[in-house]
Amino acid sequence: MGNLLCRHCFHLFPEREARALCTGRRCSRVIDEDGRAGPRFLVPRQEKGLWSTLRRRPDLDAPCPYCGESGRLVPACPFCRRELPRTDGADDRIIAVLGAKDAGKSHYLATLFHQFLKAGVGGEDWTVDTDDASRDEIERRYWRPLFEERRELPQSPLQPGPEMRLLLENRHDGRRVLLAFRDLSGETFHSPDRVERVDSLRYADGLVLLADPVAFDPKAPASPYPDFLEVLDHYRAALDAPPRFGAGDESLLPHLPAQKLLAVAVSKADLMLPKSHPFWRRETANGHLAAGYWQRREAESAATRDWLVGKLGERVLRATREFADVSWFFVSSFGYRHPPHSRELSRPPQPLRVHEPIFALLDRFAAGAPARRRAAGPTGGRAAADAPVELDEL
């Protein structure tokens with residue numbers, strides 16, 4: 001059995017403790033104990049026919065015992081009673097994609113979508129699917145302007161956009177991974193106070209931190225915005241803020257850097273690395289999809305880290321050493337040299353390695369990351385390796 005993380009109140013709880021809401025018309029306005037009208041709230045263990053004895057979790061495909069309609073039950077949080085996404089019994093996690101203003105976060109998201117849905121980066125190992133609403137949003141907001149109209153994406157809004165979902169399923173071991181994306185502005189990271197308001201960041205198990213090499217190029221004009229290491233400092237400061245919930249609930253959730261995995265990805269590698277650099281070699285084998293990828297890329301990770309240290313000095317190591325484990329990557333959303341802020345693209349993007357940090361984190365999670373496994377307790381069977389992931393792109 002896995003754990004679920006409510007995206008509304010951010011309580012973590014075992015899947016077997018999930019409740020249900022009936023969305024049928026006859027159950028749409030039921031008065032609760034506080035006198036409020038809303039969908040009927042059900043405790044599956046207490047309702048006949050709503051508990052799967054074999055799978056030891058709510059049976060949401062059963063008919064509602066009150067209105068008799070089938071296909072109307074949805075999972076609900078036992079704390080705030082709001083609807084949860086259906087994730088088919090997996091262990092919930094969050095990956096956050098962090099970065100300073102102009103680090104290329106929106107382009108990174110757009111090309112991630114392209115690699116998952118168009119380029120088939122899952123190979124023979126993963127199938128990828130998405131719902132119609134997510135695909136429509138991806139095409140409108142990312143693919144059409146970037147790949148068809150060949151223009152840079154505009155700055156992200158301060159308010160989060162709609163959630164876009166990709167569902168990955170491993171063909172070999174049956175793991176199901178839900179990737180959920182919401183786009184926010186890099187200005188969120190101008191102060192720890194702003195970071196603190198984005199609740200999901202507190203509970204992230206894994207981080208992809210985009211490091212913009214243009215921002216620390218000595219030839220570039222000084223930026224008034226925080227660089228990626230200052231972004232990381234603001235994030236760490238937000239983790240030290242007072243908890244939102246009581247100690248009993250808060251103890252279930254990861255907070256400290258020592259409980260989080262960090263993937264540092266140097267964006268815009270096409271502007272910095274010579275053509276002789278190993279980054280440009282087109283990989284024929286999907287090594288990033290195989291178990292143990294996080295550990296096997298140790299030499300490549302160290303070379304990337306040393307490149308960054310050569311540019312910025314030892315402060316790179318000081319800023320990252322508190323995290324449970326750190327791996328280092330080069331990525332390129334365009335795949336060719338494209339000067340920043342030149343709105344027209346010479347040709348459609350040819351993303352390189354943008355998906356590797358995500359697969360590396362999934363690999364590390366499957367091997368047993370420290371934070372959530374400690375919170376979850378013993379789990380058995382296939383679901384123990386499952387990992388729905390929410391990515392907040394900021």
Side-chain angles (χ1 to χ4, degrees), residues 2 87-88 90-95 97 108 111-130 166-180 204-210 260-267 269 277-305 323-333 335 350-373 379-391:
T87 54
D88 293 334
D91 191 18
D92 239 343
R93 297 179 182 275
I94 294 177
I95 292 176
V97 181
Y108 180 76
T111 51
L112 267 182
F113 291 141
H114 181 273
Q115 295 301 85
F116 279 117
L117 292 173
K118 295 282 191 180
V121 295
E124 298 300 318
D125 297 270
W126 295 87
T127 61
V128 184
D129 197 9
T130 187
L166 303 180
L167 180 64
L168 279 64
E169 182 167 1
N170 191 287
R171 298 177 187 269
H172 307 300
D173 59 24
R175 274 187 295 144
R176 293 168 64 82
V177 177
L178 177 67
L179 301 180
D205 294 284
L207 312 172
V208 177
L209 175 66
L210 291 185
K260 301 176 185 290
L261 303 174
L262 176 62
V264 179
V266 182
S267 61
H277 194 278
F279 168 82
W280 294 101
R281 296 175 191 160
R282 300 279 178 170
E283 298 292 332
T284 55
N286 294 328
H288 52 277
L289 301 176
Y293 174 65
W294 184 279
Q295 285 76 20
R296 286 197 307 274
R297 66 178 311 279
E298 185 174 347
E300 183 181 359
S301 176
T304 306
R305 177 200 63 205
F323 287 82
D325 203 348
V326 186
S327 195
W328 309 75
F329 301 80
F330 285 113
V331 299
S332 173
S333 292
Q350 300 170 332
L352 285 176
R353 303 190 177 218
V354 294
H355 53 284
E356 289 186 15
I358 304 298
F359 278 116
L361 284 167
L362 295 181
D363 166 64
R364 187 68 171 84
F365 289 156
R372 189 70 80 213
R373 289 295 172 235
T379 57
R382 193 187 77 187
D386 290 352
V389 179
E390 178 175 345
L391 293 101

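The distance from atom CD1 of Ile95 to atom CG of Leu362, rounded to the nearest 0.5 Å, is 5.0 Å. In this structure, Glu169 CD and Trp126 CH2 are separated by 9.0 Å, a value rounded to the nearest 0.5 Å. How far CG of Asp205 is from CZ of Arg364: 11.5 Å, rounded to the nearest 0.5 Å. If you take CD1 on Ile358 and CG on Asp363, they are separated by 13.0 Å, rounding to the nearest 0.5 Å. Atoms CZ and OG1, from Arg171 and Thr127 in turn, are 5.5 Å apart once rounded to the nearest 0.5 Å.
Of the residues listed (Leu262, Val326, Val97, Val266), the one engaging Leu209 in a side-chain contact (heavy atoms from CB on, under 4.5 Å) is Leu262, and it is the only one.
Residues Thr304 and Phe279 fail the side-chain proximity criterion, which asks for heavy atoms closer than 4.5 Å. Looking at heavy atoms from C-beta onward, Phe323 lies out of side-chain contact with Leu261 at the 4.5 angstrom threshold. Considering only heavy atoms from C-beta on, Trp280 comes within 4.5 Å of Leu352 through its side chain. Counting heavy atoms from C-beta on, the side chains of Thr130 and Phe113 never come closer than 4.5 Å.
Gly122 and Leu289 make their closest contact through O-CD1, 3.3 Å (heavy atoms, listed as atom of the first residue, atom of the second, distance). For Glu124 against His172, the heavy-atom pair with the smallest separation is O-NE2, 3.8 Å. Heavy-atom minimum distance, Gly206 versus Phe365: N-CZ, 3.8 Å. Residues Leu207 and Leu361 share a closest heavy-atom pair of O-CD1, 4.1 Å. Of all non-hydrogen atoms in Lys260 and Ala204, the two that sit nearest each other are NZ-O, 2.7 Å.
Residues satisfying the ring pair (Phe, Tyr, Trp, His ring centres under 6.0 Å) criterion with Phe330, sequence neighbours excluded, are His277, Trp307. Checked against side chain to side chain donor-acceptor pair (under 3.5 Å), Asn170 has no partners two or more places apart in sequence or in another chain.
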Can you give the donor-acceptor pairs under 3.5 Å from side chains of residues 291-302 to other protein atoms, not counting sequence neighbours?
unit_1, atom_1, unit_2, atom_2, d
Tyr293, OH, Arg297, NE, 3.4
Tyr293, OH, Glu356, OE1, 2.9
Trp294, NE1, Asp325, OD2, 3.1
Arg296, NH1, Ala291, O, 2.5
Arg296, NH2, Gly287, O, 3.4
Arg297, NH1, Ser327, OG, 2.8
Arg297, NH1, Trp328, O, 2.8
Arg297, NH2, Trp328, O, 2.9
Glu300, OE2, Arg353, NH1, 2.7
Ser301, OG, Trp328, N, 2.9

